[in-house]
Amino acid sequence: MSVLKNRLPVREPSQTLLNLALLASILAFPALPVSASDAVAPDVADILRRLEPAERVNARIVFEPGSAFPSDQLDELDGAAALWNSGRYDEALLRLEAIGVAGRHVAVGFSWREPLTSSNTRLDAVRIGTRTIVSNPYLDFHPGNGNIFVVMEFQDATNYGWTLNLSTDNGATWTETWAWEYTTPIRDIGMAVLQDFVYVATSSDFASAQSRMRRFSTVDGSYDLTYQWHTVVIGGADVQEVEVVTNGADPAYNNRLYHLAVLADNTMVFHATDEDGGVGNMPWTQHTTGVTNAVSSLDACWNERFESRYLFATYVGTDNGIYNWSTTGASPAGSRIDINGDFWIGGPVRIAVYDGVVMIVYVYSPVAGDFGIRYFISHDDGATWSWGHAALAQADDLTVPDVTGRDGYGFTVVWGQEAGAVDPVWARHRSYQYPNWNRAEAFNDIDIMSAVPLRVERLPTGGYAAVTPTTFGLFFERLPMLFKEGFEFGDTQPWDGTVP
């Protein structure tokens, strides 16, 4: 790949210095474990046998076979699902026994006839779904109808899986419309919204060299039975991490779906298609990335109002460094941007981009036992970088940052803190061009699981919200903003929210 000039990042100047410069000119940004592929897979029929009678009636199912499942038995597997969906549950289980699914890699998806609801709220936090042990959430919304979507991984007493959850009232209530279950963890998940569908990609042990994509209605979260699932990546190496990105937030485009993946051989692969999801006139097409040193912490973002480089990503390399990558389509480019000796200590590295301004956030540790949130920022599509701190290092562990820069309202960063009895989640905001950070505010009402990733996003009606994993499940919480919408464009009237 072509490499952007890798200048040593410089400390971003303070707002005071910028104001002086302006005056002078006037005067003159516990996860679930990942197991190795099982030699013998458990019986997917056991998942169905454990359902209560009411759950059986509510469950419209589809089976997903592993990559090694015999192709001549796929119709029989579909037949077992058809029996179940017509209410002939015992016949379906007998058909599965006849097929011999025990000890073979087969997962099951539940498209709920009546979505599962949770009315559990705690102060201002609203529970998402009914799952308790959760991880790796994603948060996005449909800019047209305002519906908000969350996917998450989960673990219960016997199974692992992931769910799709929908809110049609700006986060006040939530329903689980889909669940996918298997007996070992999936490796990774990614989600984004494009036009009429929510697209979700997964990588898993039983199809280890593949990434598979599904889609759901943006109206009611229902599973697209016609689309089923599509294999995007078929690689010679196992798929470790996946990301789904669209340009759906950009009204000038709203017509592209992107899939990025880190493979076990340290390559990063990039596929693209149009709004038809690979089933129309534009099949999934692989594009070169030039990346051969990627290990973990993949995150990616569309560049709203782009002029040249439309897609950005960040990852941790084989040298434990933090990398920025971007592409014009024909010209991918990337470079290491972190400071040598800066002691990245693991955990998520997250990226947000708007109009060529890029922010990457992560946890750093300047000395043993102290942890903080550092960011890198570029104002020229990643050609040069500055750095600063969203939160200075301290003895209490600061963890799992996330950042969004959507819709032209600056960057908002959130992070967790391991602080004892109640672990807070903090938020800060700044403009794109200046480091005019507001005061950090803790906003969560429930003790978080401080090592499990968070997500923050702008809401379709304005303001921001985060999804926070807790020991009670995943919760949706609005951020108490101290800044005004529109200040990037001179509008100082409407408020995002008020200080409680």
Side-chain angles (χ1 to χ4, degrees), residues 44-66 74-89 91-93 95-96 101 106-118 128-131 134 137-138 140 142 145 147-154 156 159-168 173-183 186 189-202 204 206-207 212-231 244 277 279 474:
V44 69
D46 286 341
I47 297 174
L48 299 175
R49 293 188 185 103
R50 284 191 288 266
L51 294 179
E52 298 293 335
E55 293 175 316
R56 291 188 174 197
V57 173
N58 195 31
R60 181 187 294 111
I61 69 169
V62 293
F63 291 113
E64 180 182 346
L74 294 178
D75 288 342
E76 296 180 60
L77 204 58
D78 289 341
L83 287 170
W84 181 279
N85 293 333
S86 63
R88 298 156 67 182
Y89 311 119
E91 291 180 62
L93 293 172
R95 178 71 65 88
L96 292 174
V101 295
V106 179
V108 60
F110 297 95
S111 182
W112 302 118
R113 301 175 191 274
E114 291 293 332
L116 309 183
T117 62
S118 171
I128 302 172
T130 61
R131 315 293 174 161
V134 299
Y138 278 77
D140 201 0
H142 189 275
N145 63 27
N147 288 346
I148 309 174
F149 302 91
V150 167
V151 296
M152 64 177 121
E153 299 177 33
F154 73 88
D156 62 23
N159 303 325
Y160 298 83
W162 59 273
T163 67
L164 178 78
N165 303 270
L166 161 69
S167 175
T168 60
T173 60
W174 291 85
T175 58
E176 177 186 301
T177 66
W178 162 271
W180 182 99
E181 295 192 28
Y182 190 55
T183 47
I186 63 173
I189 192 169
M191 180 269 281
V193 173
L194 179 65
Q195 292 196 13
D196 296 332
F197 296 103
V198 184
Y199 287 89
V200 182
T202 58
S204 59
F206 70 90
R212 297 177 174 182
M213 183 80 75
R214 291 169 183 76
R215 70 184 187 186
F216 305 82
S217 167
T218 55
V219 175
D220 59 9
S222 59
Y223 178 58
D224 189 339
L225 289 167
T226 302
Y227 190 83
Q228 292 278 355
W229 49 267
H230 284 246
T231 302
V244 181
V279 295
L474 190 69

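- Rounding to the nearest 0.5 angstrom, the gap separating the CE atom in Met152 from the CE atom in Met191 is 10.5 Å.
- With rounding to the nearest 0.5 Å, the separation of CD in Glu76 from CG in Leu96 is 10.5 Å.
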(request) Take Val200 and Trp178, measure what side-chain contact (heavy atoms from CB on, under 4.5 Å) needs, and give me the verdict at the end. (result) CA-CA 11 Å; Val200 182; Trp178 162 271; over 6 Å; no

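- Between Tyr199 and Tyr227, the two ring planes are perpendicular [angle over 60°; tilted spans 30° to 60°].
- Listed by chain and number, the residues in a ring pair (Phe, Tyr, Trp, His ring centres under 6.0 Å) with Phe110 are Trp112 (sequence neighbours excluded).
- Scanning all heavy atoms of the two residues, the minimum distance from Gly221 to Leu166 falls at N-CD2, 4.0 Å.
- For Thr168 (side chain) and Asn147 (main-chain N/O), no donor-acceptor pair under 3.5 Å exists by modelled atom type.
- In this structure, the separation between CD on Glu181 and CG on Leu48 is 9.0 Å, given to the nearest 0.5 Å.
- With hydrogens and angles ignored, the 3.5 Å screen pairs a side-chain donor or acceptor of His142 with a backbone N or O of Gln195.
- Rounded to the nearest 0.5 angstrom, Phe197 CZ and Thr218 OG1 are separated by 7.5 Å.
- Phe216 contributes atom CZ, which lies 9.0 Å from atom OG of Ser222 (distance to the nearest 0.5 angstrom).
- With Asn58 contributing its side chain and Ala54 its backbone, the two residues share no donor-acceptor pair below 3.5 Å.
- Considering all non-hydrogen atoms of both residues, Val44 and Ala107 come closest at CG2-C, 4.0 Å.
- One distance of note links CZ of Arg60 with CG of Leu225; it measures 6.5 Å at 0.5 Å rounding.
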